[in-house]
Structures are given as C-alpha cells and as structure tokens.
Amino acid sequence: MSGNVLLEVEGLTKHFQGRRGFRRQGEAVRAVDDVSFVVREGETLGLVGESGSGKSTTGYCVLQLLKPTAGSVRFQGQELTSAPRAELRAARRELQIVFQDPYSSLDPRQTVEQIVADPLEIHRIGDRASRRRRVHELLDLVGIDPAFASRYPHEFSGGQRQRVGIARSLALDPKLLICDEPVSALDVSIQAQILNLMNELQRELGLAYLFIAHDLAVVRAVSDRIAVMRNGKILEEGDAEEVYVRPQHPYTKALLAAVPVADPRRMRAERERRRSTRAAAGAGA
Amino acid sequence: MNAVQSSTVSAVPLLEVDGLRTQFFTPAGRVHAVDGVSFTLDQGRVLGVVGESGCGKSVMALSLLGLLPPRQAAIVAGHVRYDGRELTTLGRRQLEDVRGREIAMVFQDPMTSLNPTLSIGDQLMEPLRRHLDLSRQAARRRAIELLEEVEIAGAATRLDDYPHNYSGGMRQRVMIAIAVACRPKLLIADEPTTALDVTVQASVLDLLHDLQQEYEMALLLITHDMGVIAEMADDVLVMYAGQVVEHAPALELFDHPEHPYTEALLAALPQVDVVGAHKQHLAAIPGRPPSLLQPPAVCRFAARCPYAEQDDPCTSQMPELREVRPSHFVRTFHPAIERVAAAGVSA
Ligand SMILES: Nc1ncnc2c1ncn2[C@@H]1O[C@H](COP(=O)(O)OP(=O)(O)O)[C@@H](O)[C@H]1O
Ligand SMILES: Nc1ncnc2c1ncn2[C@@H]1O[C@H](COP(=O)(O)OP(=O)(O)O)[C@@H](O)[C@H]1O
Ligand SMILES: [Mg+2]
Ligand SMILES: [Mg+2]
C-alpha cells in the first residue's frame with residue numbers, strides 16, 4: 001500500500017489505576033504500553049490479540065474516548081491528544097467507530113432512520129429532506145432495503161443490525177473506521193456477509209480500517225497489514241500474508257497453531273504434536 | 001450402581017434420542033426449538049453437535065437432562081433413553097440422581113455455573129458427598145486429586161480459593177473437574193471453550209479429550225465452531241432450524257459434506273492457514289434461518305439454498321433424513337452426491 005499516512009500512533013500508553021481481575025489494589029494496569037503504528041489511506045490494519053491484550057483500549061485512545069497516559073495520536077497530521085474540543089469534534093467526523101455488539105449499540109427506541117441520521121443531526125448537516133435521502137442512500141449501500149427505514153432495531157437480525165451500525169458510522173463520510181470486534185457476535189454465515197461488505201465498502205469509498213479482533217482468521221480476511229498484541233504491547237507487525245505464512249514471534253506462532261481449523265486430520269496431528277511436546281517437557285523436568 | 005456398570009456391554013446404546021421435540025410456549029405462539037431430533041451415542045464415543053445460534057443445540061441438551069425451564073418449555077414428543085432407561089418420564093428426584101452421577105454437564109460460561117460464594121473445594125466436594133457418600137476427609141482428598149487431574153498447579157493450596165481467584169481457563173477446568181468427579185459415563189459439554197482465548201481453548205480441549213479417553217466416557221460436544229468439531233468429534237450432527245440436517249462420521253463429513261448447508265458453512269469460514277487468504281472474498285450464505293415460531297413445512301434451508309429450484313420438491317415437501325453414503329445421513333433433496341451424478345449424466 002502506498003497511500004498517505006492517515007493515522008500515526010506513537011508511544012501510546014494507557015495505565016488504569018485500581019483493581020480489576022487479578023491485580024491487587026493500587027497496582028496500575030498497563031493496558032497499553034508504548035504502542036506505535038500507522039494506518040494509511042484506504043488500507044486495513046488488523047489489530048489482533050487475546051482478550052485483555054489492550055486492543056479496545058488502543059481503539060478508545062485513538063478516538064480520544066479514553067485519555068492516553070502518554071504518547072501521541074496524529075490523524076491527518078493533527079495531534080488529537082492535545083486538540084481543543086472543537087477541533088476534536090471536527091476530527092471525529094472523519095474518524096468513526098463500529099462496535100462489537102449490534103444489540104446494545106443501537107438505541108432500541110429509535111427507528112433505523114433516526115439512528116442513521118443521528119450523526120448528521122448532531123453535526124447539523126443538511127435539512128430533513130436531504131438527510132432522509134442520505135439515510136436511504138446509506139442503507140442501500142450496506143444492503144438494507146430503505147423501505148425498512150421506519151422499523152426498530154429489534155425487528156432486525158444481528159447481521160442486519162450490524163449493517164445499520166455500519167451505515168451510521170458512514171454517515172459523515174469518514175476516512176477511517178475503528179472497528180472493535182465488529183463480527184464477533186455473529187454466526188459464520190452472517191459474519192462472512194459483513195466481512196465481504198466491509199471489503200466492498202473499502203474499495204468503493206476508499207475507507208481505511210483499524211480492524212480490532214481476537215479471531216485470527218477473521219482478521220486475515222480483511223487486513224492488508226497485521227499487528228499482534230499481547231499484554232499491552234505490539235509484538236509483531238507486518239504485511240498480513242507475511243505474518244500468517246512466516247510468523248516471526250514465538251507468540252504469533254503459538255497463536256496461529258492454536259486456531260482450530262476445519263480439517264480433522266490436521267487437528268488431530270496438531271494435538272499429537274502438543275502431547276509429545278508436553279511429554280518431552282514432563283520427562284525433562 | 002453395579003447393574004448400570006455391567007449393562008454397558010449389551011447392545012443398547014448408552015444414549016438414544018428418538019424423535020425429540022421440545023417447544024417453548026410464548027405469547028406469540030409455540031417455538032419449535034427442537035423439532036424431531038434422533039441419534040444414538042455409544043460409550044467412549046464423541047458426538048459433535050454443530051449449527052448456528054438458535055438452531056436448538058442448547059435446548060436439546062437441556063431436554064436430555066430434564067433441565068428445561070418449567071412451564072415455559074416442555075418435551076412434547078419423543079424419547080430419551082439412557083442405558084435403556086427412559087429419562088423423559090423420570091421424576092425430579094430420580095433425575096437429580098442421574099445428573100452429576102451418571103450424566104454430567106459443562107456449560108459455556110464457568111462464571112455463571114460456579115457459585116461465587118463457595119470455595120472451589122466445597123463445590124468439588126458437593127457431588128462427591130452427595131452421590132458417592134464420601135466423608136468430608138475423603139471428599140477433600142479426592143477433590144485435590146481432581147484438581148490435579150485437570151492440571152491446576154498447587155492443587156492442595158488452591159482448594160480453599162474462590163472462583164474469582166481463578167482465571168477463565170482455570171474456572172472451566174474446575175467445571176470439568178466437578179463434572180467428572182463421580183466418573184459419569186456421559187458428559188454433555190455445551191460450548192465449553194467458546195468464552196476462552198484460543199490458546200486456552202486448545203489446552204481445555206486437550207484435557208477434555210484425555211479425560212474422555214481415560215474414563216471411556218461418551219461425550220456430547222456442542223459447538224458452533226467447525227474447527228472444534230474437527231479436533232474432537234468421532235461423529236457429527238449438523239443442526240439447522242431445530243432439525244438434524246446431516247449426520248456422519250467426522251472424517252466422512254469433512255471429506256464429503258453432502259448437505260448444501262454444511263457445504264456453505266464450511267465455505268463461509270475465513271481461513272487462517274491458506275496462502276493467499278488475505279482479503280479473500282468469502283462465500284457468504286444469503287438470508288438467515290427461518291423463524292421457529294411457524295417453521296416451514298418444506299425444506300427449511302430451501303430459501304437460502306443455491307440448488308433449490310422453482311419446480312423441485314424443496315418448496316413443497318419436507319425432505320426426510322436419508323442415508324446417501326454408508327453411515328452418512330442427510331436431509332435434503334440435493335445432496336452433493338446426486339448433484340455430481342446428475343451433472344455427469346447431463347455432460
Ligand atoms: N476502565 C478500565 N479500568 C481498569 N482496567 C481496565 C479498564 N479497561 C480495560 N482495562 C484493563 O486493560 C487491559 C486491556 O483491556 P482491553 O483493552 O479491553 O483488552 P482487549 O480489547 O484486547 O480485550 C485488561 O487488563 C483490562 O482488564
Ligand atoms: N426462553 C425461551 N423462550 C422462547 N424461545 C426460546 C427460549 N430459549 C430458546 N428459545 C428458542 O429456542 C431455539 C433454540 O435455542 P438454543 O437451543 O438456545 O439455540 P443454540 O444453542 O443452538 O444457539 C431458538 O430459536 C430460541 O429462539
Ligand atoms: Mg476488546
Ligand atoms: Mg447454545
């Protein structure tokens with residue numbers, strides 16, 4: 001990818017005070033620890049790692065929904081960590097988020113039309129009629145029949161709700177979408193529909209994605225480059241195909257080896273391999 | 001108990017489910033959650049049940065154990081025979097004796113199935129004292145052994161800890177330890193690793209596999225993940241909209257998927273291990289499963305099926321489950337094997 005750098009994150013760090021999970025009182029959680037990466041125009045950076053590795057916190061810090069402890073976040077050359085409110089607001093038009101849970105992220109009392117028009121209203125764009133036209137255009141773009149615009153979220157399936165969420169995030173013509181586990185709550189057949197849609201939208205609209213997920217196969221299906229995260233740090237970053245075919249870091253290798261694939265012979269061979277590794281370790285101890 | 005032990009050598013399958021129908025009674029009408037499911041499971045075998053969310057996997061498992069929410073749902077037809085004994089007509093007390101002792105269950109979320117106010121040791125000792133009548137001393141010794149068996153480091157010192165002191169993977173190991181405490185002959189595991197990270201999942205599946213082999217347990221493993229099925233199952237049951245749509249030995253199923261739904265499910269999986277999988281176009285299945293409020297009386301997959309034609313029986317009849325290859329059953333008018341044959345004829 002040769003696009004211009006859109007997002008540049010440098011030395012991003014976020015510590016949480018207080019207890020959560022195992023940690024004792026007072027010990028800071030180093031949720032994100034000196035993380036750096038760039039996202040270029042029109043490309044997808046996949047951020048993959050197991051739960052608690054700091055993926056969501058990274059996403060929230062980029063959006064300034066969480067205040068980073070240290071580090072810089074430059075979006076289209078503008079430093080967001082120190083940006084005044086008005087500038088941040090302007091930047092947020094071009095920097096949108098898609099959440100995991102299509103159930104809780106849509107207001108159940110709003111119609112789909114109201115949900116998708118919401119960002120347009122907040123930013124006072126257009127009049128009623130032009131907003132309605134735009135909403136219909138967006139619904140059409142994500143594969144929802146605009147005739148359903150007056151329905152409520154509960155009348156839609158999970159996959160359709162995620163389409164609505166994507167339509168809303170596209171309302172302001174963003175350049176970068178931060179997608180936090182956007183298909184994790186969906187069944188494979190529906191997940192494939194949404195992943196295809198995201199790839200198509202990227203081609204049509206020239207969008208860039210920071211695609212956050214724990215599922216290595218899902219991340220591979222959309223990413224140009226991959227960053228592997230663990231314990232708040234990026235351990236390995238590179239071209240998607242490279243990272244998957246020739247992983248360098250032992251953790252990446254372990255992660256890839258653990259993904260169950262739909263091949264019984266391979267899975268059983270893999271299990272035997274783990275068993276003999278364990279036996280060898282046991283004999284050595 | 002000895003009678004139960006000796007009867008397993010007979011020809012009666014350990015578990016026989018026959019025409020099971022379970023419905024929910026809702027204001028909108030009856031939900032046909034499990035709609036005529038039949039299968040058998042022999043001692044020492046692993047049967048994987050796979051299908052998308054809402055297809056009836058969990059309700060089927062709860063039906064087997066008599067754990068349906070009272071008044072909201074009921075088995076309206078069919079039989080569940082365990083070791084030749086009908087379970088659907090057993091009273092609550094009798095079922096409680098079977099559960100935990102002979103049939104045990106592990107659920108997806110260990111945090112909701114473990115009691116946060118009781119120590120791990122107390123929860124491990126409960127089934128041992130209740131079903132095996134062990135003394136407190138003996139139960140405690142056995143509990144430590146069980147924790148060691150599920151590879152919890154420093155078992156003796158971890159016995160008095162509470163669930164919140166354990167990580168997600170450790171809690172699921174504890175759930176498994178509780179489940180196998182009385183050496184059940186059948187373990188039903190409903191999405192046991194779905195809430196876990198992949199590396200933890202691999203080790204928990206290894207543990208389940210080892211215990212299953214060691215105790216010659218039968219395992220009914222429910223999952224939405226074809227990879228987990230590939231790793232664990234001897235035989236596979238594919239469910240769709242409350243019905244079994246395909247049933248075959250695991251290698252046979254993956255080598256020769258016959259149902260258009262099974263094929264589509266496999267094709268829709270993003271691949272982690274194939275060169276060039278980067279930004280691949282996935283074969284999505286259009287639409288979604290039908291509502292189980294009034295499920296279609298015709299093929300339930302017809303609306304999404306690439307092979308269903310206007311004038312064929314798909315949209316006028318319900319296909320029966322039939323054997324299209326040895327030991328390979330499928331519920332469709334268009335199994336792969338007949339499509340190939342038809343194409344061969346016309347070519
Ligand atoms: N608001 C918070 N307060 C304290 N700790 C938090 C908070 N949010 C996240 N964490 C901790 O930060 C770490 C990273 O969390 P998160 O970014 O959610 O990981 P991921 O998205 O990769 O699962 C975890 O240890 C988590 O418990
Ligand atoms: N409490 C309930 N009331 C009404 N319908 C229910 C209830 N619980 C489950 N169902 C229905 O039963 C069907 C099967 O559900 P379930 O067995 O949980 O699916 P799975 O485990 O395969 O995801 C679903 O279509 C669901 O809507
Ligand atoms: Mg997260
Ligand atoms: Mg379930």
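Letters go in sequence order (proteins before strands), and every chain restarts at 1.
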Novice: Is A:R220 in contact with chain B via its backbone, its side chain, both, or neither, using a 4.5 Å heavy-atom distance?
Specialist: both
Novice: Taking all non-hydrogen atoms of both residues into account, name the closest pair between B:V198 and A:A258 and its distance.
Specialist: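 For B:V198 versus A:A258, the nearest heavy atoms are O-CB, 3.8 Å.
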Novice: Roughly how far, to the nearest 0.5 Å, is the CD atom of B:Q280 from the CG atom of A:N196?
Specialist: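 If we round to the nearest 0.5 Å, A:N196:CG and B:Q280:CD are 9.0 Å apart.
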Novice: When only pairs under 4.5 Å are counted, which of A:R266, A:Q193, A:E241 shares the most heavy-atom pairs with chain B?
Specialist: A:E241
Novice: To the nearest 0.5 angstrom, please state how far the CG atom of A:L186 sits from the CD atom of B:E52.
Specialist: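 Rounded to the nearest 0.5 Å, the CG-CD separation comes to 10.5 Å.
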Novice: Should we say atom CD of B:Q294 is surrounded by more than 12 heavy atoms from elsewhere, each under 6.0 Å from it?
Specialist: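 Check fails, neighbour count at 12 or below.
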Novice: Is there a donor-acceptor pair under 3.5 Å between the side chain of A:R274 and the backbone N or O of B:S203?
Specialist: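 Not confirmed, A:R274 side chain does not pair with B:S203 backbone.
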Novice: In plain terms, say whether A:D224 and B:K279 are close enough for a salt bridge, that is, a side-chain N and a carboxylate O under 4.0 Å apart.
Specialist: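 A salt bridge links A:D224 with B:K279.
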Novice: Is there a side-chain contact (heavy atoms from CB on, under 4.5 Å) between A:D263 and B:F254 once you walk through the steps?
Specialist: CA-CA 7 Å; A:D263 176 346; B:F254 284 95; over 6 Å; no
Novice: Only pairs of heavy atoms separated by less than 4.5 Å count here; which of B:D206, B:V228, B:L266 has the most with chain A?
Specialist: B:D206
Novice: With only heavy atoms counted, which part of A:A240 is less than 4.5 Å from chain B, the side chain, the backbone, both or neither?
Specialist: side chain
Novice: Considering only heavy atoms and a distance below 4.5 Å, find which of A:A257, A:G46, A:P264 pairs most often with chain B.
Specialist: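 Result: the option with the highest number of such pairs is A:P264.
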Novice: State, to 0.1 Å, how close B:A268 and A:A192 come at their nearest heavy-atom pair, and which atoms those are.
Specialist: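 It is O-CB, 3.8 Å.
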Novice: Under 4.0 Å between a side-chain nitrogen and a carboxylate oxygen: does that hold for B:D255 and A:R265?
Specialist: yes
Novice: Could you tell me which portion of A:S223 (side chain, backbone, both or neither) has an atom closer than 4.5 angstrom to a non-hydrogen atom of chain B?
Specialist: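 Backbone of A:S223 only, per the 4.5 Å heavy-atom cut-off to chain B.
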Novice: Quick check on A:Q191 against chain B: is it the side chain, the backbone, both or neither that has a heavy atom closer than 4.5 Å?
Specialist: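 Only the side chain of A:Q191 comes within 4.5 Å of chain B.
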Novice: Nearest 0.5 Å, please: how far is OG in A:S189 from CG in B:L282?
Specialist: 11.5 Å
Novice: Kindly compute the distance separating CZ (A:R271) from CE (B:M232), expressed to the nearest 0.5 Å.
Specialist: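 One finds 6.5 Å between CZ of A:R271 and CE of B:M232.
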Novice: Does B:H224 form a side-chain contact (heavy atoms from CB on, under 4.5 Å) with A:V188? I'd like the steps, not just the answer.
Specialist: CA-CA 9 Å; B:H224 68 282; A:V188 267; over 6 Å; no
Novice: Looking at every heavy atom in both A:I190 and B:G287, which two are closest together, and how far apart are they?
Specialist: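 Scanning both residues, the minimum pair turns out to be CD1-O, 3.7 Å.
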Novice: Given that the side chain runs from C-beta out, which part of A:L255 has a heavy atom under 4.5 Å from chain B: side chain, backbone, both or neither?
Specialist: both
Novice: Are more than 12 heavy atoms from other residues, nucleotides or ligands located less than 6.0 Å from atom CD of B:E216?
Specialist: no
Novice: Which bit of A:N199 comes within less than 4.5 Å of chain B, counting heavy atoms only: side chain, backbone, both or neither?
Specialist: side chain
Novice: To the nearest 0.5 Å, tell me how far A:H214 NE2 sits from B:D197 CG.
Specialist: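 Atom-to-atom, A:H214:NE2 and B:D197:CG are 7.5 Å apart.
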Novice: Side chain, backbone, both or neither: which part of B:I229 has an atom under 4.5 Å from a heavy atom of chain A?
Specialist: backbone
Novice: Which one wins on heavy-atom pair count under 4.5 Å against chain A: B:L205, B:L251, B:V200?
Specialist: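 Sorted descending by pairs with chain A, the first entry is B:L251.
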Novice: What part of B:Q271 lies closer than 4.5 angstrom to a heavy atom of chain A: side chain, backbone, both or neither?
Specialist: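 Only the backbone of B:Q271 comes within 4.5 Å of chain A.
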Novice: Against chain A, work out which of B:R304, B:R288, B:Q201 has the most heavy-atom pairs shorter than 4.5 Å and name it.
Specialist: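 Most heavy-atom pairs within the cutoff with chain A belong to B:R288.
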Novice: Checking B:D273 against chain A: side chain, backbone, both or neither under 4.5 Å from a heavy atom?
Specialist: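 For B:D273, the contact with chain A is made by backbone and side chain together.
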Novice: Specify the closest pair of heavy atoms between B:P270 and A:A221, including all atoms of both residues, with the distance to one decimal.
Specialist: CB-CB, 4.0 Å
Novice: B:L265, B:L269, B:D210, B:I285: which one forms the most heavy-atom pairs within less than 4.5 Å of chain A?
Specialist: B:I285
Novice: Hey, what do you get for CG (B:D225) to CG (A:D215), rounding to the nearest 0.5 Å?
Specialist: 8.5 Å
Novice: A:V245 versus chain B, heavy atoms under 4.5 Å apart: side chain, backbone, both or neither?
Specialist: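 For A:V245, the side chain is the part near chain B, not the backbone.
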Novice: Among B:A233, B:A283, B:G54, which residue forms the greatest number of heavy-atom pairs with chain A at distances under 4.5 Å?
Specialist: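 The candidate making the most pairs under 4.5 Å is B:A233.
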Novice: Hey, is the main chain of A:R268 close enough, under 3.5 Å, to the side chain of B:E231 for a donor-acceptor pair?
Specialist: no
